Amino acid sequence: MLDKDTKRRIDTCRDILVGKVPDPKSQVEQITVALIYKFMDDMDLEAEELGGERKFFTQDFERYRWAKLVAQGVSGQEMLNIYSEALTKMVENDHLPPLFRSIFRNAYLPYRDPETLRSFLREIDSFTYDHSERLGDAYEYLLSVLGSQGDAGQFRTPRHIIDFMVEIIDPRKNEVILDPACGTAGFLISAYKHILRTNSSYVVNGNGNHEEADAAEQALESPMRFPGDLLSPEDRTRLAGNIKGYDISPDMVRLSLVNLYLHGFADPKVEEYDTLTSEEKWTQTADVILANPPFMSPKGGIKPHTRFQVQSKRSELLFVDYIAEHLNPKGRAAIVVPEGIIFQSQTAYVALRKMLVENHLASVISLPAGVFNPYSSVKTSILILDRALAKASKHVAFFKIENDGFQLGAQRKTQTGSQLPQVKADLSAWLRAARGGDGGELESLHGFAMHREELVNGGDYNLSAERYKSEAAEEHEVPRVRIGDVCIVNPAKRELQNLSPEIEVSFVPMTDLNEWRVGFEPKETKQLSEVGASYTYFADGDVLLAKVTPCSRMERRESLGICKMG
């Protein structure tokens with residue numbers, strides 16, 4: 001978990017650069033290059049302290065050592081000359097591993113102000129390479145400033161949504177985990193941390209002290225990390241090779257490689273690869289696939305190869321097809337998709353949904369429209385695919401999330417009442433039961449299950465929960481009735497002048513209302529003429545306040561609060 005001091009240092013680096021490098025993506029690149037430059041010197045120093053030899057800054061490159069660059073007495077102009085020269089020369093260093101070489105391949109200094117560079121490098125100097133959780137979290141926070149690459153339809157997935165999806169899928173230590181559109185590797189990092197957590201006998205708190213792992217759930221929201229001490233060396237080696245990612249953008253590949261490296265992956269497996277047009281990796285499958293693929297297609301559409309089941313030029317359709325077709329027989333996937341996937345009636349959309357319902361689909365989770373604010377207001381859902389479950393269960397679970405713990409405005413401020421934990425618990429329990437062939441019933445405030453045959457009716461395989469909600473509600477034990485059948489619905493204010501003064505309205509005196517609560521006592525209804533000015537306190541559309549305990553018809557008139565107007 002990111003600590004305040006590290007966050008402050010990342011923010012300070014960006015504040016120093018912003019006058020000369022206003023583009024967030026360029027800021028991230030400058031900070032990435034500087035951090036790796038600094039860390040190479042840290043690793044050389046550590047090697048010397050352990051009795052070894054320097055690896056990176058040797059021979060002709062010794063003059064570029066970080067320690068010399070930021071040493072006392074070096075002028076700002078000297079610092080600028082050395083640093084800018086080092087950035088262009090470093091790619092020629094034969095001792096650099098492929099990851100570092102790719103970082104320096106096109107590196108350059110986009111400004112020539114000595115004082116800006118001096119301040120920037122001094123701040124970078126406060127970071128130390130130690131493969132700590134803190135360093136990895138710091139880099140993830142830095143990547144969060146990228147936000148959106150909207151021209152490519154790529155939007156950064158919020159961390160809490162990523163973790164929610166990973167925890168539902170529950171990746172294991174021996175499984176191959178893939179993100180075919182990995183961006184900065186957020187899903188891969190979350191999957192790795194999940195595996196560490198589920199293979200830890202203790203947690204390390206913010207003070208470096210060990211605590212029992214039975215407090216793991218609470219630790220998720222506190223500054224603790226999981227050591228993964230139950231993983232053997234063989235487990236860790238296998239895990240390092242099993243976590244894989246592809247991305248079409250070389251910039252995203254470079255950033256994801258650094259992100260994984262700073263989380264302890266000495267040789268991260270992320271490649272530049274066009275998932276939709278290249279057949280090179282078509283035969284490679286995975287046990288777990290996690291992704292938020294690009295939503296937008298370039299002008300003229302994608303020109304995919306011919307091995308997809310669904311014939312389309314739309315990137316979102318092709319990515320879902322790719323993921324479904326590349327799951328192993330017991331494979332599982334979680335995919336963020338635009339709402340069009342759920343209900344569009346074009347042939348390709350229907351064909352994709354048919355394939356999913358028949359062979360892959362376990363659940364559809366509707367997300368609030370503002371999850372990607374401020375970058376996009378596009379409405380999205382999460383598809384949960386599970387090949388083994390699709391064979392064992394005749395049902396599909398539908399959930400609707402209206403509160404993800406953040407307000408839906410541009411600022412996305414935190415708020416109470418997140419439904420994610422309850423949906424995760426309800427869906428996880430249902431998935432376990434469904435894999436055993438007992439997945440028909442779903443008791444949840446936020447979801448319901450529908451028979452697959454119901455999804456086939458009409459031939460369009462529509463996956464919109466609203467289409468089936470009324471049918472599911474009819475099977476509920478608690479009957480539904482219209483509000484007007486059990487209480488008096490107050491008229492809208494615009495209608496008052498046309499109503500008789502003798503009409504009865506539900507009434508709560510203004511003295512029972514204050515900033516914090518409604519002091520609610522059962523009241524007799526009053527005639528409109530008796531309510532007077534107090535009634536004008538309420539506006540059209542006021543919320544219904546009603547007694548929740550069962551009552552007789554006679555009692556109902558006395559149990560009313562403010563009935564919804566209009």
Side-chain angles (χ1 to χ4, degrees), residues 1-4 7 137 140-141 143-144 147-148 155-171 186-187 189-191 193-194 197-198 203 206 214-226 290-292 332 334-339 342 362-384 397-432 442-449 464-466 469 472 516-517 543 548:
M1 186 173 182
L2 186 68
D3 64 278
K4 292 181 179 179
K7 180 179 181 296
D137 286 343
E140 282 192 76
Y141 171 68
L143 295 180
S144 73
S148 165
F155 300 99
R156 177 181 175 268
T157 314
R159 169 57 51 189
H160 66 294
I161 298 297
I162 289 177
D163 292 342
F164 170 74
M165 294 166 65
V166 167
E167 288 161 18
I168 288 172
I169 295 299
D170 187 26
F187 280 105
I189 296 296
S190 179
K193 289 182 177 180
H194 176 84
R197 179 170 67 88
T198 55
V203 295
D214 57 8
E217 291 303 318
Q218 290 80 359
L220 286 174
E221 301 299 330
S222 60
M224 297 188 177
R225 62 183 176 88
F226 298 87
L290 301 154
N292 177 9
R332 311 176 307 286
I335 321 164
V336 178
V337 297
E339 202 73 351
I342 304 300
S363 181
V364 180
I365 307 170
S366 176
L367 295 175
V371 163
F372 288 100
N373 277 338
Y375 312 112
S376 172
S377 60
V378 63
K379 178 73 174 67
T380 57
S381 290
I382 299 170
L383 299 183
I384 303 297
F398 289 85
F399 286 86
K400 182 175 183 179
I401 294 172
E402 297 176 319
N403 181 352
D404 68 332
F406 294 84
Q407 297 175 12
L408 299 180
Q411 300 301 316
R412 292 287 279 154
K413 296 180 180 179
T414 59
Q415 65 179 3
T416 59
S418 172
Q419 297 164 345
L420 294 181
Q422 190 60 56
V423 170
K424 182 186 72 174
D426 293 349
L427 177 54
S428 296
W430 185 85
L431 291 172
R432 288 192 294 270
L442 171 58
E443 295 185 4
S444 174
L445 293 175
H446 308 295
F448 57 89
S464 174
E466 298 300 324
K469 182 179 291 186
W516 302 105
R517 69 184 185 89
V543 177
V548 296

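If you're wondering where the values come from, they're calculated on a predicted model, not measured in any experiment.
With sequence neighbours excluded, the residues forming a side-chain hydrogen bond (donor to acceptor under 3.5 Å, both in side chains) with Gln415 are Asn403, listed by chain and number. Partners of Gln422 under the side-chain hydrogen bond (donor to acceptor under 3.5 Å, both in side chains) rule, at least two apart in sequence or in another chain, are Asp426. Applying the ring-ring contact (aromatic ring centres under 6.0 Å, His included) test to Phe399 and every residue at least two apart in sequence or in another chain returns nothing. Legend: residues meeting side-chain hydrogen bond (donor to acceptor under 3.5 Å, both in side chains) with Ser381, ordered by chain and number and at least two apart, are Glu339. Ser190 meets the side chain to side chain contact (heavy atoms under 4.5 Å, CB included) test with Arg159, Ile162, Asp163, Val166; sequence neighbours excluded.
For the side chain to side chain contact (heavy atoms under 4.5 Å, CB included) criterion with Val364, the lone passing option out of Ile382, Ile384, Leu383 is Leu383. Partner Ser366 forms a side-chain hydrogen bond (donor to acceptor under 3.5 Å, both in side chains) with one of Lys379, Lys400, Glu466, His446 and no other, that one being Lys379.
Atom NZ of residue Lys413 and atom CD of residue Gln407 lie 6.5 Å apart, to the nearest 0.5 angstrom. To the nearest 0.5 angstrom, Glu167 atom CD is 12.0 Å from Leu427 atom CG. Taking CD of Gln419 as the reference point, atom CG of Leu445 lies at 9.0 Å (rounded to 0.5 Å). To the nearest 0.5 angstrom, Met165 atom CE is 8.0 Å from Ile365 atom CD1. Separating the OG1 atom in Thr380 from the CG atom in Asn292 is a distance of 8.0 Å, to the nearest 0.5 Å.
When side chains are defined from C-beta on, Trp430 does not count as touching Glu443, because their heavy atoms never get closer than 4.5 Å. Inter-residue side-chain proximity for Val423 and Phe164 is flagged as met; some heavy-atom pair is nearer than 4.5 Å. Pro368 places none of its side-chain heavy atoms less than 4.5 Å from the side chain of Glu402.
With respect to Glu140 and Lys193, a salt bridge is recorded, a charged nitrogen being found less than 4.0 Å from a carboxylate O.
Ile342 approaches Ser464 most closely through the heavy-atom pair CG2-N, 3.3 Å.
Ring geometry for Phe398 against Phe448 counts as parallel: the plane angle stays under 30°, on a 0 to 90° scale with 60° as the upper cut.
Listed for the Ser428 side chain is no donor-acceptor partner under 3.5 Å among the backbone atoms of Ile168. The closest donor-acceptor contact from the side chain of Arg332 to the backbone of Ile169 lies under 3.5 Å.
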Take Val371 and Asp404 through the side chain to side chain contact (heavy atoms under 4.5 Å, CB included) test and state the conclusion after the steps. CA-CA 8 Å; Val371 163; Asp404 68 332; 4.0 Å; yes

